[in-house]
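See structure below.
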Amino acid sequence: MPELPEVETTRRGIEPWLAGSRVQGVRVRQRRLRWPVPRRLDRELPGRRIAGLDRRAKYILMKAGSGTVIMHLGMSGSLRIMADGQPAGAHDHVDFTFDSGRVLRFTDPRRFGSILWTTRSPATHPLLKHLGPEPLDIAFSGEYLYQRSRDRRLAVKNFIMDSRIVVGVGNIYASESLFRAGIHPSRAAGRISLARYEQLVAAIQEVLAAAIRAGGTTLRDFTGGDGKPGYFVHELAVYDRADKPCLACASPLRRKVIGQRSTYYCQHCQR
DNA sequence: ATGCGGACCTGTTAGC
DNA sequence: TGCTAACAGGTCCGCA
C-alpha cells in the first residue's frame, strides 16, 4: 500500500491529533509483525508526551520525550485516529491510547510493517543508519546519482529503489519517474549520462511532490490518517497500464518483471 | 563490493 | 460456484 507519499500523507493526517497529548497506554494484540513489537514499548511509552511526528524514508518517527516510536507500514499497513472504544478487527494489531480520549490504531493484514522503540537518536538506529538522502532534499541531485552509479551494472530501476542510494522511491513511482525521464527501466545504471540523471532526479521529485499534494495514490484501499482516499492514481502514466496506449505516443505500454517486481514502461519513449 | 533470490504474511482477483 | 495460482504498494538478509 504505502509508498513515500502515502506515508507522508499519513504523517500529516495524524500529527495534529497527537502532538502535545500524553500516552495513556499501549494495547498490543499481535506482537508478531515484521519484528516483534518490543515489550519495552508498552513498558516505557505510557505517561510520555508526544512532541511531534517526523518521517525518515518510509518510517514514521513519533517523538515521545527522550524516546522515539519507529513505525513502518510495510505493504499493507495503515494508521488511523479514532475515538476510544471502537471494536478491533482481525488485523488491528496495536492501539496507542491518549489522555485526549483518542486512539492511534495500527492495522496491517500482511504484517510486513513494524513498530519499534528506541531511546537513542533515531538516526543511529540500525534500520536508519545506512539510508541514502531524502528524494526531496537538495543533497539528492543528478550529479549524486551519476557518481554513485559509475561501474554499476544493475538495472536503473533497481538502482533508484535501493534505499542506500535514495529513499522513498517505491515500485509505483520508480516506473512513473523513469517514464517521465524517458529512461528504460532495464538500462544499466552505470550507462546513463549525467544529463539524463538530472532529468531523472527532476522526474522523481515532480512525481513524489505531486503525489503528496494529491494525498497519495489509492490503488485498492489506501486512506490517509483522516480516512480520505488519495487521488494520484488518476495521474499515473504507466503503472498498472500494461497494453494500454502510451499517453505520449499511443503505442501499447509493456509490463516486465525486473527485480521480481512488476515494471511498466513504453518501449518507444524510453531508452 | 555487487547483485540476486528468498523470506516474511494475508487478501484479492483472474482463470479454469 | 468453487478451487488454484498469480499477484500485491516493502525491504532485510544471506549466499554466490
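A, B, ... follow the sequence lines: proteins, then strands. Residue 1 opens every chain.
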Nucleotide nearest [X] (side chain, heavy atoms from C-beta), chosen from [options]:
| X | options | value |
| --- | --- | --- |
| A:R261 | B:dT10, C:dT11, B:dG3 | C:dT11 |
| A:I172 | C:dG9, B:dG11, C:dT11 | C:dG9 |
| A:L154 | B:dT10, C:dA8, B:dC4 | B:dC4 |
| A:Y59 | B:dT10, B:dG6, C:dC12 | C:dC12 |
| A:R152 | C:dC7, C:dC12, B:dG3 | B:dG3 |
| A:R255 | C:dG9, C:dG10, C:dC7 | C:dC7 |

### Query
Using centres under 5.5 Å plus planes under 30 degrees as the test, is A:F112 stacked with B:dC8?
yes
### Task
Fill in the dot-bracket string of DNA chain C, one character per base: . for unpaired, | for a pair to another strand, ( ) or [ ] for pairs within the strand, taking Watson-Crick or G-U pairs under 3.5 Å.
.|||||||.|||||||
### Query
Is there any salt bridge (Lys or Arg N to Asp or Glu O under 4.0 Å) pair reaching into residues 116-140 of chain A, and which pairs are they, with sequence neighbours excluded?
A:R55-A:E134, A:R56-A:E134
### Summary
On DNA chain B, more 5' by nearest nucleotide between A:A155 and A:H91 is A:A155
### Task
For nucleotides C:dG9 and B:dG3, find the distance between their P atoms and express it as a whole number of Å.
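It comes out at 23 Å once rounded to the nearest Å.
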### Message
What's the gap between B:dG11 and C:dT1 when it is taken at their P atoms, as a whole Å value?
### Response
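Between the two P atoms, the distance is 22 Å.
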### Task
For the pair A:F106 and A:H93, name the ring-plane relationship: parallel under 30°, tilted 30 to 60°, perpendicular over 60°.
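Rings of A:F106 and A:H93: tilted, 30 to 60°.
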### Message
Is it the case that the side chain of A:R22 and the backbone of A:G47 share a donor-acceptor pair, with hydrogens and angles ignored and the cut-off at 3.5 Å?
### Response
yes
#### Entry: Check: A:Q270 side chain, A:C266 main-chain N or O, donor-acceptor pair, under 3.5 Å
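Yes, A:Q270 side chain to A:C266 backbone: donor-acceptor pair under 3.5 Å.
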### Message
Distance check needed: B:dG11 P versus A:D108 CG, whole Å only.
### Response
11 Å
### Task
Could you state the atom-to-atom distance from NZ of A:K157 to P of C:dT11 in whole Å?
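Atom NZ in A:K157 sits about 13 Å away from atom P in C:dT11.
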Can a side chain N or O of [X] be found less than 4.0 Å away from OP1 or OP2 on [N]?
| X | N | value |
| --- | --- | --- |
| A:R34 | C:dG10 | no |
| A:S76 | C:dA8 | no |
| A:R164 | C:dC12 | no |

### Message
With hydrogens left out and only the distance checked, is there a donor-acceptor pair under 3.5 Å joining A:R111's side chain and the base of B:dC9?
### Response
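No, no donor-acceptor pair under 3.5 Å.
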#### Entry: Nearest heavy-atom neighbours spanning A:Y265 and A:H184
CE1-NE2, 3.3 Å
### Task
Tell me who clusters with A:Y59, hydrophobic residues only, linked when side chains sit under 4.5 Å apart either directly or through other members.
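Noted: A:Y59 shares its cluster with A:W35, A:L61, A:I70, A:L116, A:L127, A:L128, A:L131, A:V167.
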### Verify same cluster id: A:Y173, A:M161 (apolar side-chain graph, 4.5 Å)
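Different hydrophobic clusters.
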